[in-house]
There are 2 protein chains.
Amino acid sequence: MTKVPQDARARRKLTNSVKDSVRGMRSELALLNRRISARLELRDGDLDCLELVARLGPVGPSALARAAGVHPATMTGVLDRLEKGGWLTRERDPNDRRSVVLKVRPERVGEVFALYSGMNAALDEICAAFTDSDLLVIADFLDRTATAGHAATRDLDESP
Amino acid sequence: MTKVPQDARARRKLTNSVKDSVRGMRSELALLNRRISARLELRDGDLDCLELVARLGPVGPSALARAAGVHPATMTGVLDRLEKGGWLTRERDPNDRRSVVLKVRPERVGEVFALYSGMNAALDEICAAFTDSDLLVIADFLDRTATAGHAATRDLDESP
DNA sequence: GTCATATAATATGATTTCCGTATCGTACGT
DNA sequence: ACGTACGATACGGAAATCATATTATATGAC
(Lines give C-alpha, C1' and ligand atoms only; values in the text may rest on other atoms or scores of the structure.)
Protein backbone atom coordinates (compact mmCIF):
# COMPACT_ATOMS: atom_id res chain seq x y z
CA MET A 1 0.00 0.00 0.00
CA THR A 2 1.47 3.32 -0.99
CA LYS A 3 0.79 6.65 0.56
CA VAL A 4 -1.04 8.23 -2.34
CA PRO A 5 -3.80 5.62 -2.68
CA GLN A 6 -4.57 6.11 0.98
CA ASP A 7 -5.06 9.81 0.35
CA ALA A 8 -7.20 9.03 -2.62
CA ARG A 9 -9.29 6.70 -0.54
CA ALA A 10 -9.74 9.29 2.16
CA ARG A 11 -10.67 11.81 -0.45
CA ARG A 12 -13.29 9.53 -1.94
CA LYS A 13 -14.71 8.91 1.48
CA LEU A 14 -14.96 12.63 2.04
CA THR A 15 -16.69 13.14 -1.29
CA ASN A 16 -19.14 10.37 -0.53
CA SER A 17 -19.99 11.91 2.80
CA VAL A 18 -20.78 15.18 1.05
CA LYS A 19 -23.02 13.37 -1.42
CA ASP A 20 -24.78 11.56 1.39
CA SER A 21 -25.33 14.85 3.12
CA VAL A 22 -26.83 16.30 -0.03
CA ARG A 23 -29.25 13.39 -0.21
CA GLY A 24 -30.12 13.73 3.46
CA MET A 25 -30.79 17.42 3.13
CA ARG A 26 -32.89 16.94 0.01
CA SER A 27 -34.94 14.31 1.76
CA GLU A 28 -35.60 16.43 4.84
CA LEU A 29 -36.46 19.51 2.83
CA ALA A 30 -38.83 17.49 0.66
CA LEU A 31 -40.57 16.33 3.81
CA LEU A 32 -40.84 19.86 5.15
CA ASN A 33 -42.28 21.05 1.88
CA ARG A 34 -44.92 18.35 1.97
CA ARG A 35 -46.13 19.47 5.38
CA ILE A 36 -46.20 23.10 4.37
CA SER A 37 -48.16 22.22 1.24
CA ALA A 38 -50.66 20.39 3.40
CA ARG A 39 -51.01 23.45 5.64
CA LEU A 40 -51.85 25.57 2.63
CA GLU A 41 -54.37 22.94 1.45
CA LEU A 42 -52.37 22.35 -1.67
CA ARG A 43 -51.19 19.16 -3.37
CA ASP A 44 -47.58 18.17 -3.10
CA GLY A 45 -46.36 19.56 -6.39
CA ASP A 46 -48.37 22.76 -6.24
CA LEU A 47 -45.94 24.63 -4.06
CA ASP A 48 -43.08 23.71 -6.35
CA CYS A 49 -45.02 25.16 -9.25
CA LEU A 50 -45.68 28.34 -7.31
CA GLU A 51 -42.01 28.65 -6.47
CA LEU A 52 -41.20 28.07 -10.11
CA VAL A 53 -43.45 30.92 -11.16
CA ALA A 54 -41.71 33.14 -8.62
CA ARG A 55 -38.36 32.00 -9.96
CA LEU A 56 -39.08 32.20 -13.68
CA GLY A 57 -41.12 35.38 -13.49
CA PRO A 58 -44.35 35.84 -15.47
CA VAL A 59 -44.83 32.70 -17.52
CA GLY A 60 -47.64 30.78 -19.22
CA PRO A 61 -49.19 27.48 -18.20
CA SER A 62 -47.60 25.51 -21.02
CA ALA A 63 -44.07 26.72 -20.36
CA LEU A 64 -44.57 26.15 -16.66
CA ALA A 65 -45.83 22.63 -17.30
CA ARG A 66 -42.73 21.89 -19.34
CA ALA A 67 -40.45 23.36 -16.68
CA ALA A 68 -42.16 21.43 -13.91
CA GLY A 69 -42.40 18.18 -15.85
CA VAL A 70 -46.15 18.07 -15.45
CA HIS A 71 -48.82 17.23 -18.02
CA PRO A 72 -50.42 20.42 -19.38
CA ALA A 73 -53.90 19.22 -18.45
CA THR A 74 -52.70 18.54 -14.93
CA MET A 75 -51.26 22.02 -14.78
CA THR A 76 -54.74 23.43 -15.35
CA GLY A 77 -55.84 21.75 -12.13
CA VAL A 78 -52.76 22.91 -10.26
CA LEU A 79 -53.36 26.48 -11.37
CA ASP A 80 -57.04 26.26 -10.47
CA ARG A 81 -56.05 25.45 -6.89
CA LEU A 82 -53.35 28.09 -6.75
CA GLU A 83 -55.63 30.73 -8.21
CA LYS A 84 -58.57 29.81 -6.00
CA GLY A 85 -56.29 30.02 -2.97
CA GLY A 86 -55.23 33.46 -4.14
CA TRP A 87 -51.58 32.54 -4.53
CA LEU A 88 -51.27 33.68 -8.11
CA THR A 89 -53.20 35.38 -10.88
CA ARG A 90 -54.06 34.40 -14.45
CA GLU A 91 -54.01 37.34 -16.85
CA ARG A 92 -54.64 37.30 -20.57
CA ASP A 93 -51.74 38.42 -22.70
CA PRO A 94 -52.99 41.32 -24.87
CA ASN A 95 -50.40 40.51 -27.55
CA ASP A 96 -51.37 36.89 -27.90
CA ARG A 97 -54.91 36.36 -26.80
CA ARG A 98 -54.55 32.61 -26.71
CA SER A 99 -52.06 32.81 -23.91
CA VAL A 100 -52.27 33.47 -20.22
CA VAL A 101 -49.64 35.00 -17.98
CA LEU A 102 -49.16 33.73 -14.44
CA LYS A 103 -47.99 36.05 -11.69
CA VAL A 104 -47.54 35.35 -8.01
CA ARG A 105 -49.50 37.68 -5.73
CA PRO A 106 -46.75 39.54 -3.86
CA GLU A 107 -49.02 40.36 -0.94
CA ARG A 108 -49.52 36.66 -0.19
CA VAL A 109 -45.87 35.65 -0.42
CA GLY A 110 -45.28 36.57 3.19
CA GLU A 111 -47.92 34.07 4.22
CA VAL A 112 -45.99 31.22 2.69
CA PHE A 113 -42.78 32.62 4.08
CA ALA A 114 -44.28 32.60 7.56
CA LEU A 115 -44.65 28.83 7.42
CA TYR A 116 -40.97 28.62 6.62
CA SER A 117 -40.12 30.98 9.45
CA GLY A 118 -38.85 28.21 11.72
CA MET A 119 -36.56 26.89 9.05
CA ASN A 120 -35.57 30.40 8.12
CA ALA A 121 -34.51 31.27 11.65
CA ALA A 122 -32.63 28.00 11.93
CA LEU A 123 -30.76 28.76 8.74
CA ASP A 124 -29.80 32.18 10.10
CA GLU A 125 -28.37 30.49 13.15
CA ILE A 126 -26.53 27.92 11.10
CA CYS A 127 -25.02 30.58 8.88
CA ALA A 128 -23.93 32.54 11.92
CA ALA A 129 -21.62 29.65 12.82
CA PHE A 130 -19.56 30.04 9.65
CA THR A 131 -17.05 32.63 8.52
CA ASP A 132 -17.65 34.87 5.54
CA SER A 133 -15.32 32.85 3.37
CA ASP A 134 -16.99 29.61 4.46
CA LEU A 135 -20.34 31.02 3.46
CA LEU A 136 -18.99 31.96 0.06
CA VAL A 137 -17.73 28.41 -0.40
CA ILE A 138 -21.07 26.99 0.71
CA ALA A 139 -23.11 29.21 -1.58
CA ASP A 140 -20.83 28.30 -4.45
CA PHE A 141 -21.30 24.61 -3.78
CA LEU A 142 -25.07 24.95 -3.51
CA ASP A 143 -25.33 26.91 -6.73
CA ARG A 144 -23.20 24.43 -8.62
CA THR A 145 -25.29 21.56 -7.28
CA ALA A 146 -28.51 23.31 -8.28
CA THR A 147 -27.13 23.83 -11.77
CA ALA A 148 -26.05 20.20 -11.97
CA GLY A 149 -29.53 19.13 -10.87
CA HIS A 150 -31.06 21.24 -13.58
CA ALA A 151 -28.76 19.70 -16.18
CA ALA A 152 -29.45 16.17 -14.94
CA THR A 153 -33.17 16.82 -15.25
CA ARG A 154 -32.79 18.09 -18.79
CA ASP A 155 -30.61 15.14 -19.77
CA LEU A 156 -33.18 12.77 -18.35
CA ASP A 157 -35.91 14.46 -20.39
CA GLU A 158 -33.91 14.23 -23.58
CA SER A 159 -32.86 10.59 -23.27
CA PRO A 160 -35.30 7.91 -24.63
CA MET B 1 -23.02 55.53 8.52
CA THR B 2 -20.50 53.74 10.65
CA LYS B 3 -18.21 50.96 9.59
CA VAL B 4 -19.77 48.19 11.64
CA PRO B 5 -23.32 48.46 10.29
CA GLN B 6 -21.89 48.19 6.80
CA ASP B 7 -20.21 44.95 7.77
CA ALA B 8 -23.41 43.72 9.33
CA ARG B 9 -25.29 44.58 6.19
CA ALA B 10 -22.79 42.75 4.03
CA ARG B 11 -23.01 39.78 6.33
CA ARG B 12 -26.79 39.71 6.11
CA LYS B 13 -26.55 39.88 2.36
CA LEU B 14 -24.17 36.95 2.38
CA THR B 15 -26.47 34.94 4.62
CA ASN B 16 -29.43 35.68 2.39
CA SER B 17 -27.53 34.53 -0.66
CA VAL B 18 -26.82 31.23 1.08
CA LYS B 19 -30.49 30.84 1.95
CA ASP B 20 -31.48 31.61 -1.61
CA SER B 21 -29.03 29.03 -2.82
CA VAL B 22 -30.52 26.45 -0.47
CA ARG B 23 -33.96 27.19 -1.90
CA GLY B 24 -32.67 26.99 -5.45
CA MET B 25 -30.97 23.70 -4.85
CA ARG B 26 -34.03 22.25 -3.12
CA SER B 27 -36.21 23.29 -6.00
CA GLU B 28 -33.95 21.75 -8.65
CA LEU B 29 -33.49 18.51 -6.76
CA ALA B 30 -37.25 18.25 -6.23
CA LEU B 31 -37.71 18.58 -9.97
CA LEU B 32 -35.09 15.94 -10.68
CA ASN B 33 -36.76 13.60 -8.25
CA ARG B 34 -40.10 14.05 -9.95
CA ARG B 35 -38.68 13.01 -13.32
CA ILE B 36 -36.93 10.01 -11.85
CA SER B 37 -40.14 8.96 -10.11
CA ALA B 38 -41.93 9.19 -13.42
CA ARG B 39 -39.29 7.00 -15.06
CA LEU B 40 -39.87 4.35 -12.44
CA GLU B 41 -43.64 4.61 -12.94
CA LEU B 42 -44.10 5.79 -9.39
CA ARG B 43 -46.05 8.66 -7.87
CA ASP B 44 -44.20 11.71 -6.66
CA GLY B 45 -43.99 10.81 -3.00
CA ASP B 46 -43.23 7.14 -3.53
CA LEU B 47 -39.53 7.58 -4.08
CA ASP B 48 -39.25 9.69 -0.94
CA CYS B 49 -40.87 6.86 1.00
CA LEU B 50 -38.47 4.35 -0.50
CA GLU B 51 -35.53 6.53 0.42
CA LEU B 52 -36.95 6.86 3.90
CA VAL B 53 -37.08 3.09 4.28
CA ALA B 54 -33.46 2.91 3.16
CA ARG B 55 -32.58 5.61 5.65
CA LEU B 56 -34.56 4.40 8.65
CA GLY B 57 -33.80 0.74 8.09
CA PRO B 58 -36.47 -1.96 8.47
CA VAL B 59 -39.64 -0.20 9.56
CA GLY B 60 -43.39 -0.76 9.52
CA PRO B 61 -46.02 0.98 7.39
CA SER B 62 -47.44 2.99 10.31
CA ALA B 63 -44.10 4.35 11.46
CA LEU B 64 -43.18 5.12 7.89
CA ALA B 65 -46.47 6.92 7.33
CA ARG B 66 -45.82 9.06 10.39
CA ALA B 67 -42.26 9.80 9.27
CA ALA B 68 -43.39 10.70 5.77
CA GLY B 69 -46.42 12.72 6.84
CA VAL B 70 -48.75 10.52 4.85
CA HIS B 71 -52.11 9.06 5.84
CA PRO B 72 -51.73 5.38 6.82
CA ALA B 73 -54.33 4.29 4.30
CA THR B 74 -52.47 6.19 1.61
CA MET B 75 -49.27 4.45 2.63
CA THR B 76 -50.89 1.12 1.83
CA GLY B 77 -51.27 2.27 -1.76
CA VAL B 78 -47.73 3.63 -1.88
CA LEU B 79 -46.37 0.33 -0.61
CA ASP B 80 -48.50 -1.62 -3.07
CA ARG B 81 -46.82 0.24 -5.91
CA LEU B 82 -43.34 -0.08 -4.44
CA GLU B 83 -43.82 -3.78 -3.75
CA LYS B 84 -45.35 -4.50 -7.15
CA GLY B 85 -42.40 -2.73 -8.78
CA GLY B 86 -40.09 -4.92 -6.73
CA TRP B 87 -38.45 -2.02 -4.94
CA LEU B 88 -39.10 -3.32 -1.45
CA THR B 89 -40.49 -6.29 0.42
CA ARG B 90 -43.19 -6.69 3.05
CA GLU B 91 -42.36 -9.32 5.65
CA ARG B 92 -44.40 -10.31 8.67
CA ASP B 93 -42.72 -9.71 11.99
CA PRO B 94 -42.60 -13.06 13.82
CA ASN B 95 -42.54 -11.27 17.18
CA ASP B 96 -45.60 -9.13 16.53
CA ARG B 97 -47.79 -10.76 13.98
CA ARG B 98 -49.88 -7.68 13.46
CA SER B 99 -46.95 -5.81 12.07
CA VAL B 100 -45.12 -5.85 8.78
CA VAL B 101 -41.48 -5.03 8.20
CA LEU B 102 -40.43 -3.14 5.09
CA LYS B 103 -37.04 -3.72 3.54
CA VAL B 104 -35.58 -2.27 0.38
CA ARG B 105 -34.39 -4.89 -2.11
CA PRO B 106 -30.64 -4.31 -2.26
CA GLU B 107 -30.34 -5.86 -5.71
CA ARG B 108 -32.64 -3.19 -7.17
CA VAL B 109 -31.01 -0.22 -5.49
CA GLY B 110 -28.46 0.06 -8.28
CA GLU B 111 -31.29 0.53 -10.75
CA VAL B 112 -32.49 3.64 -8.98
CA PHE B 113 -28.95 4.78 -8.55
CA ALA B 114 -28.37 4.48 -12.29
CA LEU B 115 -31.02 7.11 -12.92
CA TYR B 116 -29.13 9.41 -10.60
CA SER B 117 -25.84 8.59 -12.30
CA GLY B 118 -25.71 11.87 -14.21
CA MET B 119 -26.24 13.84 -11.04
CA ASN B 120 -23.84 11.61 -9.20
CA ALA B 121 -21.04 12.17 -11.67
CA ALA B 122 -21.71 15.89 -11.64
CA LEU B 123 -21.45 15.93 -7.87
CA ASP B 124 -18.12 14.13 -8.05
CA GLU B 125 -16.87 16.80 -10.38
CA ILE B 126 -18.18 19.56 -8.19
CA CYS B 127 -16.55 18.09 -5.10
CA ALA B 128 -13.27 17.77 -6.97
CA ALA B 129 -13.17 21.54 -7.21
CA PHE B 130 -13.01 21.99 -3.44
CA THR B 131 -10.29 21.37 -0.89
CA ASP B 132 -10.63 18.78 1.84
CA SER B 133 -11.32 21.39 4.46
CA ASP B 134 -13.91 23.04 2.21
CA LEU B 135 -15.68 19.71 1.82
CA LEU B 136 -15.74 19.28 5.57
CA VAL B 137 -17.31 22.70 5.95
CA ILE B 138 -19.85 21.93 3.24
CA ALA B 139 -20.83 18.56 4.70
CA ASP B 140 -21.21 20.18 8.09
CA PHE B 141 -23.49 22.84 6.68
CA LEU B 142 -25.60 20.31 4.80
CA ASP B 143 -25.99 18.11 7.86
CA ARG B 144 -26.99 21.02 10.05
CA THR B 145 -29.50 22.16 7.48
CA ALA B 146 -30.96 18.66 7.20
CA THR B 147 -31.30 18.53 10.98
CA ALA B 148 -32.93 21.94 11.01
CA GLY B 149 -35.34 20.81 8.33
CA HIS B 150 -36.24 17.81 10.38
CA ALA B 151 -36.87 19.97 13.44
CA ALA B 152 -38.94 22.46 11.45
CA THR B 153 -41.09 19.63 10.16
CA ARG B 154 -41.63 18.28 13.64
CA ASP B 155 -42.48 21.74 14.99
CA LEU B 156 -44.98 22.21 12.22
CA ASP B 157 -46.61 18.90 13.07
CA GLU B 158 -46.87 19.77 16.72
CA SER B 159 -48.31 23.26 16.33
CA PRO B 160 -52.14 23.60 15.96
C1' DG C 1 -56.36 38.28 -48.17
C1' DT C 2 -57.39 33.08 -47.61
C1' DC C 3 -56.47 28.78 -46.16
C1' DA C 4 -53.92 25.23 -43.84
C1' DT C 5 -51.45 24.28 -40.00
C1' DA C 6 -49.57 25.12 -35.42
C1' DT C 7 -50.12 26.60 -30.83
C1' DA C 8 -52.22 27.97 -26.11
C1' DA C 9 -55.40 26.83 -22.75
C1' DT C 10 -58.92 24.29 -21.10
C1' DA C 11 -62.97 20.77 -21.22
C1' DT C 12 -64.19 15.95 -21.06
C1' DG C 13 -64.22 11.43 -19.42
C1' DA C 14 -61.92 7.05 -18.08
C1' DT C 15 -58.84 5.62 -14.72
C1' DT C 16 -56.25 6.02 -10.63
C1' DT C 17 -55.26 7.95 -6.21
C1' DC C 18 -56.36 9.72 -1.82
C1' DC C 19 -58.14 9.50 2.75
C1' DG C 20 -61.93 8.97 6.48
C1' DT C 21 -63.75 5.14 8.41
C1' DA C 22 -64.56 0.32 9.23
C1' DT C 23 -62.67 -4.12 9.92
C1' DC C 24 -59.84 -7.87 11.39
C1' DG C 25 -56.29 -9.89 13.74
C1' DT C 26 -53.05 -9.45 17.46
C1' DA C 27 -50.74 -7.67 21.70
C1' DC C 28 -50.80 -6.03 26.34
C1' DG C 29 -52.25 -4.37 30.88
C1' DT C 30 -55.02 -5.44 34.82
C1' DA D 1 -59.47 -13.79 30.70
C1' DC D 2 -61.20 -9.62 29.29
C1' DG D 3 -61.22 -5.07 27.67
C1' DT D 4 -58.68 -1.87 25.31
C1' DA D 5 -55.13 -0.30 22.15
C1' DC D 6 -52.71 -0.93 18.08
C1' DG D 7 -51.04 -2.40 13.27
C1' DA D 8 -52.36 -3.14 8.67
C1' DT D 9 -55.50 -3.15 5.21
C1' DA D 10 -60.36 -3.10 2.90
C1' DC D 11 -63.96 -0.18 1.40
C1' DG D 12 -66.16 3.64 -0.77
C1' DG D 13 -66.94 8.43 -1.97
C1' DA D 14 -64.45 12.49 -3.39
C1' DA D 15 -60.74 14.33 -5.85
C1' DA D 16 -56.76 14.29 -8.98
C1' DT D 17 -54.46 12.72 -13.03
C1' DC D 18 -53.79 12.41 -17.87
C1' DA D 19 -54.86 11.12 -22.86
C1' DT D 20 -57.60 13.14 -25.97
C1' DA D 21 -60.82 16.45 -27.88
C1' DT D 22 -62.21 21.19 -28.31
C1' DT D 23 -62.08 26.14 -28.90
C1' DA D 24 -59.84 30.24 -29.95
C1' DT D 25 -56.09 32.54 -31.89
C1' DA D 26 -51.74 33.17 -34.38
C1' DT D 27 -48.58 32.38 -38.28
C1' DG D 28 -46.87 31.11 -42.74
C1' DA D 29 -47.52 29.72 -47.72
C1' DC D 30 -49.53 30.97 -51.57
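Values below: every heavy atom of this structure, side chains too, minus hydrogens, waters and symmetry copies. The chains referred to below are lettered A, B, ... by the order of the sequence lines, with proteins before strands, and numbering in each begins at 1.
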Sequence neighbours excluded - salt bridge (Lys or Arg N to Asp or Glu O under 4.0 Å) pairs with any residue from residues 113-124 of chain A: A:D124-B:K19
Identify every side-chain donor-acceptor pair in residues 27-34 of chain A under 3.5 Å, counting partners at least two apart or on other chains, and give the distances.
{"unit_1": "A:E28", "atom_1": "OE1", "unit_2": "B:H150", "atom_2": "ND1", "d": "3.1"}
{"unit_1": "A:E28", "atom_1": "OE2", "unit_2": "B:H150", "atom_2": "ND1", "d": "3.2"}
{"unit_1": "A:N33", "atom_1": "OD1", "unit_2": "A:Y116", "atom_2": "OH", "d": "2.3"}
{"unit_1": "A:R34", "atom_1": "NE", "unit_2": "B:A68", "atom_2": "O", "d": "3.2"}
{"unit_1": "A:R34", "atom_1": "NH1", "unit_2": "A:D44", "atom_2": "OD2", "d": "2.5"}

Any residue of residues 82-91 of chain A with a heavy atom less than 4.0 Å from an atom of DNA chain D: none
query: Do any of residues 49-59 of chain B sit with a heavy atom less than 4.0 Å from DNA chain C, and if so which?
result: none
- request: Please report the shortest heavy-atom distance between A:P61 and A:V100, naming the atom on each side.
  value: CD-O, 3.5 Å
task: With sequence neighbours excluded, tell me which residues meet side-chain contact (heavy atoms from CB on, under 4.5 Å) with A:R98.
output: A:D96
task: Measure from CG on A:L79 to C1' on D:dT17 and round the result to the nearest Å.
output: 14 Å
query: How close or far is atom P of C:dC24 from atom CZ of B:R97, stated in whole angstroms?
result: 18 Å
field: Any side-chain heavy-atom pair of B:V112 and B:W87 under 4.5 Å
entry: yes
task: Return each pair, listed once, that meets side-chain hydrogen bond (donor to acceptor under 3.5 Å, both in side chains) where at least one residue sits in residues 126-138 of chain B; pairs must be two or more places apart or across chains.
output: A:R11-B:D132, B:T131-B:S133, B:T131-B:D134
message: Just to be sure I understand the rule, does B:N95 reach a base, reach only the sugar-phosphate, or reach nothing, if contact means heavy atoms closer than 4.0 Å?
response: sugar-phosphate
task: Write down the distance between CG (A:D80) and C1' (D:dA16), rounded to a whole number of angstrom.
output: 12 Å
Under 3.5 Å, N/O pairs linking protein and nucleotides 2-7 of chain D:
{"unit_1": "D:dC6", "atom_1": "O2", "unit_2": "B:R98", "atom_2": "NH1", "d": "2.9"}

query: To the nearest 0.5 Å, how far apart are CZ in A:R12 and SG in B:C127?
result: 13.0 Å
message: Tell me the interatomic distance from B:L42, atom CG, to D:dT17, atom P, rounded to whole angstroms.
response: 16 Å
task: Name all pairs fulfilling the side-chain hydrogen bond (donor to acceptor under 3.5 Å, both in side chains) condition that reach into residues 49-63 of chain B, sequence neighbours left out, sorted by first residue then second.
output: A:R26-B:E51
task: Can you tell me the distance, in whole Å, between the CG atom of A:L64 and the C1' atom of C:dA9?
output: 13 Å
message: Are the side chains of B:L142 and B:I138 in contact, using a 4.5 Å heavy-atom criterion?
response: yes
statement: A correct 5'-to-3' footprint of nucleotides 14-20 of chain C, with B, S and - meaning base, sugar-phosphate only and no protein heavy atom under 4.0 Å, is ---SSBB
Gap between atoms CZ and C1', on B:R92 and C:dT26 respectively (whole Å): 10 Å
task: Could you tell me, to 10°, how much the axis swings from one end of the helix from C:dG1-D:dC30 to C:dT30-D:dA1 to the other, five pairs per end?
output: 30°
statement: Minimal heavy-atom distance between B:L82 and B:C49, with the atoms involved, is CD1-CB, 4.5 Å
query: Looking at residues at least two apart in the chain, or sitting in another chain, which of them share a side-chain contact (heavy atoms from CB on, under 4.5 Å) with B:A38?
result: none
field: Whole angstrom value for the distance that separates C1' of C:dA8 from CG of A:D93
entry: 11 Å
- request: Please round to the nearest 0.5 Å and tell me the distance separating atom OG1 of B:T15 and atom CG of A:L135.
  value: 5.5 Å
query: Does some side-chain heavy atom of A:M25 sit less than 4.5 Å from a side-chain heavy atom of B:V22?
result: yes
task: For A:E125, look at atom CD and say whether over 12 heavy atoms of other residues, nucleotides or ligands are found less than 6.0 Å away.
output: no
- prompt: Does A:R97 offer a backbone N or O that forms a donor-acceptor pair with the side chain of A:R92 under 3.5 Å?
  reply: yes
Do any side-chain atoms of residues 73-80 of chain B form donor-acceptor pairs under 3.5 angstrom with protein atoms, and if so which ones, sequence neighbours left out?
{"unit_1": "B:D80", "atom_1": "OD1", "unit_2": "B:R90", "atom_2": "NH2", "d": "2.3"}

